[in-house]
Number of protein chains: 2
Amino acid sequence: MKLSNGVEWALHSCVTLSQSREPVPAARLAELHGTPPAYLAKQLQALSRAGIVRSTAGQVGGYSLTRPAAEISALEVVRAIDGTEPAYRCTEIRQRGPLALPAERCERPCAIARAMAAAEEAWARALGEVTVADLAERIDADSGGTAMAAVGRWLTTTR
Amino acid sequence: MKLSNGVEWALHSCVTLSQSREPVPAARLAELHGTPPAYLAKQLQALSRAGIVRSTAGQVGGYSLTRPAAEISALEVVRAIDGTEPAYRCTEIRQRGPLALPAERCERPCAIARAMAAAEEAWARALGEVTVADLAERIDADSGGTAMAAVGRWLTTTR
DNA sequence: TAGAACTCGGACAGAAAATATCCGAGATCA
DNA sequence: TGATCTCGGATATTTTCTGTCCGAGTTCTA
C-alpha cells in the first residue's frame, strides 16, 4: 500500500494557495516546493478536475482555491490525486474453486472485505476531519508563527 | 493507494489454514482458492518470513499456522505481504526551495505528515482488532454455519 | 540404507502503473 | 493586432507489481 508521491505536493500546494488571494502559476509553486514543474502541473490539473482549485489562463493566470481553506478537507485532496477506489478490492475468491458459493448467496460482501472496508473508513474519517486551514495553522504554529507570513510575502514580492 | 492483490489470498489462506491441524501444501491452497499456484507460493513465503505460518518440507509437508488463529491479527497478515512502510512518506518539502527551513528546526515531523500518520494509525488499529479466528467465524456465520466445516472436510478427504 | 517423490525457497521474465516530460490551445495584456 | 504567458492533454522512461521457473532440502517407501 503506497500513496502516490504527488499527494504530498498537492497538500503543500493547497496550503500555499490558502495564503494568496491572487492566482499562483504552477511554475511558481514548483519553485517554492522544489519539485519538477511539469509533473506538479499534472497534479494541479487533477485538483482542478476535482473542483478544489480553479485555473485561470493568461498572463496573470495561475491556480487558486475555489473555496475557503476551512471548507477543504485533506481527504478531498488525497482522493483527487490518488483516486476514489478503495485500496482493498475483493475479487470474490469465495465464488471460485471446488467449494465455490453460488452468486445468489453472495449479496453481502465477504467478511474479509467488510473488515478491510471498515479499516479504510476509519482512515477516511480521520482525514476528513482535518482541513487545509488546520494544516496551515499547525505548520505556522510549528514555525513559531512566521512560516505562513513568509509564504504570503514571497508570493507577492517575487512577482 | 492500492493494496497488493496477494493480501486477499493471504488472508483467505490463513482462514483456511485455521481449519486444518495438518500442514497444507501451497498447491492445495491455490486449487481451493482458484489462484495462480506459483504466485500464491510467493505470498506464503512472505507469511513464513513474518513468522505467521510454518513451512514443512517433504512428502506430507505444507504450511500451517504457528499460533492459534485467535492470536493472529489481520494487521499482521497485511503487513507481512504489503510491508511495514507507511503509505505516506514525507520527503521534507519544507527543507527545500527558497523558504527552506534549517534541519535543526525540523525535529518534529511536518504537520501534514502527522495528519497522514494519524489516519494510518486509525486504519491499523481497526485491522489490529480483528483476528483470523474472527474472520473464520464471520465467514461461517454468513454461510449459515456450513462453510468452515466444508473446508475442513475438503482438506482431509481429497488427499 | 538407498532411491524416489514431494515439498519449499529464491532467482528470473513480462505486464502494469507511476514518474517525468514535451508541445499545442486558449486567454490576457501591451 | 501581436506577443507573451498561462493551462491542458498526449507522449517516453523508470519503477513496481504480477506471474513463472528451476534448484535445494526433506520425508517416506522399497
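A, B, ... follow the sequence lines: proteins, then strands. Residue 1 opens every chain.
Among the heavy atoms of the strands, none lies under 4.0 Å from B/Gly6. As judged by a 4.0 angstrom heavy-atom cut-off over every strand, A/Arg49 is placed among residues touching the sugar-phosphate backbone only. If you check every strand for non-hydrogen atoms under 4.0 Å, B/Ala26 touches sugar and phosphate atoms only.
Distances shown here put a side-chain N or O of B/Ser48 below 4.0 Å from the OP1 or OP2 atom of C/dG9. Phosphate proximity of D/dT18 to B/Tyr39: present, with a side-chain N or O under 4.0 Å from OP1 or OP2. At least one side-chain nitrogen or oxygen of A/Ser4 sits closer than 4.0 Å to the OP1 or OP2 atom of C/dT19.
Taking atom CD of residue B/Gln43 and atom P of nucleotide C/dC8, one finds them 14 Å apart after rounding to whole Å. Regarding A/Leu40, its CG atom lies at a distance of 15 Å from the P atom of C/dC22, rounded to whole Å. Separating the CG atom of B/Leu47 from the C1' atom of C/dG9 is a distance of 14 Å, rounded to the nearest angstrom. The NZ atom of A/Lys2 sits 13 Å away from the P atom of C/dA17 (whole-angstrom rounding). Separating the CZ atom of B/Arg28 from the C1' atom of C/dC8 is a distance of 16 Å, rounded to the nearest angstrom. Rounded to a whole Å, the CD atom of B/Gln59 is 16 Å from the P atom of C/dG3. Distance A/Ile81 CD1 to C/dT19 P: 11 Å, rounded to the nearest Å. Whole-Å rounding puts the B/Glu85 CD to D/dC17 C1' distance at 15 Å.
With contacts defined as side-chain heavy-atom distances shorter than 4.5 Å, the pair B/Ser73/B/Glu129 does not qualify. In this structure, the side chains of A/Tyr88 and B/Glu8 come closer than 4.5 Å at one or more pairs of heavy atoms.
Considering only side-chain atoms of B/Pro36, the nucleotide from C/dT21, D/dT20, C/dT28 that sits closest is D/dT20. Here the nucleotide nearest the side chain of A/Pro25, chosen from D/dT6, D/dC28, D/dG8, is D/dT6. Checking D/dC7, C/dT7, C/dT28 against every side-chain atom of A/Tyr63, the shortest atom distance belongs to D/dC7. Considering only the side chain of A/Lys42, C/dA20 comes nearest among D/dT20, D/dT27, C/dA20. Which of C/dA17, C/dC29, C/dG9 sits closest to the side chain of B/Ser55 comes down to C/dG9. Here the nucleotide nearest the side chain of B/Ala57, chosen from C/dT28, D/dT26, D/dC21, is D/dT26. You'll find that the side chain of A/Trp9 is closest to C/dA20, out of D/dT16, D/dC28, C/dA20. Distance from the side chain of A/Gln45 is smallest for D/dG8 among the nucleotides C/dT7, D/dG8, D/dT6.
Residue whose closest nucleotide on DNA chain D sits further toward the 5' end, between A/Met1 and A/Thr56: A/Thr56. Residue-to-nucleotide proximity on DNA chain D shows that, of B/Pro37 and A/Leu44, the 5′-proximal contact is made by A/Leu44.
Salt bridge annotation for B/Arg105-B/Glu107: absent, with no cationic side-chain nitrogen under 4.0 angstrom from a carboxylate oxygen. The pair A/Arg114-B/Asp142 meets the salt-bridge criterion, since a charged nitrogen lies less than 4.0 angstrom from a carboxylate oxygen. By the 4.0 Å N-to-carboxylate-O rule, A/Glu76 lies close enough to A/Arg67 to be salt-bridged with it.
A/Met148 and B/Leu101 end up in different hydrophobic clusters when Ile, Leu, Val, Met, Phe, Trp and Tyr side chains are linked at under 4.5 Å.
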